[in-house]
Number of protein chains: 2
Amino acid sequence: MARPSKKNLLENGRRTVIDYESDTVRRILDAAESLFAANCFAGTRMEEIAAAAGVNKATIYYHIGDKEKLYDVVLTRHFAYFADRLERELADCRDPIEGLRGVIRIHAEGFSGNANAPRTIAHELAGGSRRTSPELLAIYARIHGVTDRFVRQGVASGRLRPVDTAVLQMLLAGSLLVSTINAPFRTRLAETLDKDQPPPMPSVLDIAAFLDSVVIAALETEPSDGNSPPLAQPTMQNG
Amino acid sequence: MARPSKKNLLENGRRTVIDYESDTVRRILDAAESLFAANCFAGTRMEEIAAAAGVNKATIYYHIGDKEKLYDVVLTRHFAYFADRLERELADCRDPIEGLRGVIRIHAEGFSGNANAPRTIAHELAGGSRRTSPELLAIYARIHGVTDRFVRQGVASGRLRPVDTAVLQMLLAGSLLVSTINAPFRTRLAETLDKDQPPPMPSVLDIAAFLDSVVIAALETEPSDGNSPPLAQPTMQNG
DNA sequence: CCTACCGATCGGTAGG
DNA sequence: CCTACCGATCGGTAGG
């Protein structure tokens with residue numbers, strides 16, 4: 001356990017900066033992450049988080065802060081994960097189609113690898129993004145920026161039909177997000193639709209494959225024979 | 001105010017069946033609907049609902065029941081709205097492409113017309129569908145059934161490429177749902193992306209237009225010249 | 001005896 | 001980091 005220097009301690013005997021090296025902090029954040037995801041902000045009790053982390057409730061206030069601050073740290077960590085991965089793994093990608101497929105893949109992997117992310121984000125969006133800080137919006141802007149780079153590259157080079165980045169990002173990330181969080185719903189629906197032999201319901205990977213093969217393919221300009229039917233302009237703004 | 005018959009009253013002086021004709025019941029349900037949507041189940045207080053409805057808290061227990069029951073009634077009403085509209089408005093539609101466009105239109109109109117629906121559904125899905133009753137799943141099965149009818153018709157008649165109904169429904173409804181509930185997030189993001197002149201962010205109608213012109217168009221089989229590039233099979237199951 | 005509620009308060013638990 | 005608490009407020013129910 002890292003021993004904090006004097007400078008890291010202040011008001012009310014609480015820490016002023018969060019020590020992310022501390023194992024206690026990690027346990028608190030991990031416990032908070034899964035509880036906020038399952039029960040949303042209002043439905044999660046501080047005592048519950050403390051118990052899951054194996055610490056006293058007051059320890060959370062010492063290391064991190066109040067419930068709002070703890071939630072903000074958890075939510076920021078979710079967004080930073082995607083911003084970091086997208087920028088790192090697609091930094092060298094110069095092909096817009098490959099780039100957009102990478103955006104789909106990273107969202108699908110991230111959401112299915114840690115369902116706490118899409119669940120917490122869904123709660124936050126559903127609640128009107130009331131606890132979304134400007135810092136968090138800045139991190140999301142990086143995510144938007146990666147997709148936007150490939151869209152602009154693709155349209156400029158003629159490989160992609162004109163499309164609004166925000167519309168595309170919403171379609172890609174939104175459908176992957178919903179397809180992750182509704183897994184329990186789908187399982188029970190499958191039983192409802194066919195009691196005896198429930199058919200397999202689509203996984204997030206099926207949705208990702210659909211987005212790859214249908215949406216991205218539809219946005220690609222045709223090889224050059226010009227025989228394909230005209231495609232309506234998907235959006236009006238962003239002139 | 002409708003006067004209930006003897007048969008409608010029972011245990012503990014509470015009503016056994018909900019009188020949907022009662023104006024008091026309507027006010028309670030409307031208040032609960034908007035508060036559950038904004039603050040989710042755990043974040044909504046019974047006292048708050050009562051105040052918004054202009055009744056005493058005990059009146060909710062008399063007319064409807066406890067918090068779980070009230071939530072179930074509200075959530076069921078949301079799903080029933082879509083099931084009813086889809087079945088009614090698309091009952092006579094025999095064209096699979098027009099039918100799927102109708103499914104998109106009704107979801108877009110329903111979500112944007114009453115944002116309480118997508119917000120509450122998002123909270124419920126994010127929370128793991130813990131409060132989703134078998135009766136509610138049966139209502140969703142009707143929604144799935146309408147989309148499934150058009151998919152089967154389209155594939156059987158050769159107008160539509162093979163596609164899994166659950167995947168398509170998830171892509172259509174999911175992206176429309178997210179694009180509705182993240183309106184506040186988008187507004188603030190637009191300001192972050194361009195402080196001086198925030199560009200218009202896509203509305204749910206832009207998403208609906210994109211789904212119409214890109215996704216549905218991509219699923220349509222080509223006119224017959226057979227010159228279009230091959231399209232990968234979107235999904236593997238549902239043989 | 002009933003309907004349609006209200007004022008007051010219960011045992012427990014939340015954030016701090 | 002914990003013990004020992006607080007003001008307030010939660011969902012639900014009593015009697016009238």
Side-chain angles (χ1 to χ4, degrees), chain A residues 1-6 8-29 31-32 35-36 39-74 131, chain B residues 1-29 31-32 35-36 39-74 130-131:
Chain A
M1 240 151 274
R3 179 157 289 248
S5 70
K6 279 187 183 177
N8 289 342
L9 284 169
L10 209 84
E11 297 154 40
N12 304 40
R14 287 187 192 172
R15 302 188 59 115
T16 49
V17 290
I18 299 171
D19 180 14
Y20 289 98
E21 303 297 308
S22 161
D23 190 63
T24 302
V25 168
R26 248 190 305 269
R27 290 208 313 279
I28 292 170
L29 292 182
L35 286 164
F36 281 139
N39 306 323
C40 89
F41 179 82
T44 301
R45 289 169 290 145
M46 292 296 270
E47 184 64 62
E48 201 179 7
I49 296 171
V55 300
N56 185 280
K57 193 170 57 172
T59 308
I60 299 175
Y61 290 86
Y62 169 77
H63 272 295
I64 290 158
D66 63 14
K67 199 185 182 187
E68 298 258 4
K69 174 65 179 170
L70 176 57
Y71 178 81
D72 183 59
V73 170
V74 167
R131 283 177 256 271
Chain B
M1 239 151 276
R3 178 158 289 248
S5 69
K6 280 187 183 180
K7 298 194 174 184
N8 286 344
L9 281 172
L10 207 85
E11 296 153 40
N12 304 41
R14 285 190 193 172
R15 299 189 60 115
T16 49
V17 290
I18 300 171
D19 179 15
Y20 289 99
E21 303 298 309
S22 161
D23 191 62
T24 303
V25 167
R26 247 191 305 268
R27 289 207 316 278
I28 292 170
L29 292 182
L35 286 165
F36 281 139
N39 306 323
C40 89
F41 179 82
T44 302
R45 288 170 289 143
M46 292 297 272
E47 184 63 61
E48 204 178 4
I49 295 171
V55 300
N56 186 280
K57 192 170 58 170
T59 308
I60 299 175
Y61 289 87
Y62 170 77
H63 272 295
I64 290 159
D66 64 14
K67 200 184 182 187
E68 298 259 2
K69 174 64 180 172
L70 177 57
Y71 178 82
D72 182 59
V73 170
V74 167
R130 277 174 295 175
R131 282 176 256 272

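Every chain is numbered from 1, with letters handed out A, B, ... down the list of sequences. Computation of the quantities below employed the complete heavy-atom set of this structure, encompassing side-chain atoms and omitting hydrogens, waters and symmetry-equivalent molecules.
- For the pair M46(B) CE and dT9(C) P, the interatomic distance rounds to 21 Å; values are reported in whole Å.
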Give the intermediate values and the outcome of side-chain contact (heavy atoms from CB on, under 4.5 Å) for residues R131(B) and D72(B). CA-CA 7 Å; R131(B) 282 176 256 272; D72(B) 182 59; over 6 Å; no
Using side-chain contact (heavy atoms from CB on, under 4.5 Å), reason through Y20(B) and V73(B) one step at a time and then give a plain yes or no. CA-CA 11 Å; Y20(B) 289 99; V73(B) 170; 3.7 Å; yes
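- The CD1 atom of I64(A) sits 16 Å away from the C1' atom of dG15(C) (whole-angstrom rounding).
- Across every non-hydrogen atom of T44(A) and L35(A), the tightest pair is OG1-O, 3.1 Å.
- Remark: Y62(B) is in phosphate contact with dA4(C), judged by side-chain N or O atoms under 4.0 Å from OP1 or OP2.
- Going from the P atom of dA8(D) to that of dG12(C) covers 22 Å, rounded to whole Å.
- Residues A52(A) and A31(A) approach most closely at CB-CB, 3.7 Å, considering heavy atoms.
- Counting to the nearest Å, the P atom of dG12(D) and the CD1 atom of I49(B) are 10 Å from each other.
- Distances shown here put a side-chain N or O of H63(A) below 4.0 Å from the OP1 or OP2 atom of dC1(D).
- Between V74(B) and A32(B), the shortest heavy-atom contact is CG2-CB, 3.9 Å.
- Atom CD in E48(A) sits roughly 19 Å away from atom P in dG12(C) (whole-Å rounding).
- Atom CG of D23(B) and atom P of dT3(C) are 20 Å apart (whole Å).
- Atom OH of Y71(A) is separated from atom P of dG16(C) by 15 Å (rounded to the nearest Å).
- Scanning DNA chain C for stems, defined as runs of 3 or more consecutive Watson-Crick or G-U wobble pairs whose donor-acceptor distances all fall under 3.5 Å, gives no such range.
- The stretch residues 52-61 of chain A touches DNA chain D through V55(A), N56(A), A58(A), T59(A), each having a heavy atom under 4.0 angstrom from the strand.
- Under the rule for a side chain to side chain donor-acceptor pair (under 3.5 Å), the partners of Y71(B) that lie at least two apart in sequence or sit in another chain are E124(B).
- The closest donor-acceptor contact from the side chain of K67(B) to the backbone of F41(B) lies under 3.5 Å.
- Comparing dC1(D), dG12(D), dC5(C) by their nearest atom to the side chain of T24(B) picks out dC5(C).
- dC6(C) atom C1' lies 12 Å from atom CD of E47(B), rounded to whole Å.
- Contact of the L29(A) side chain with the L70(A) side chain is registered, since non-hydrogen atoms from C-beta on lie closer than 4.5 Å.
- What you find for H63(A) and S22(A) is that their closest heavy atoms are CE1-OG, 4.1 Å.
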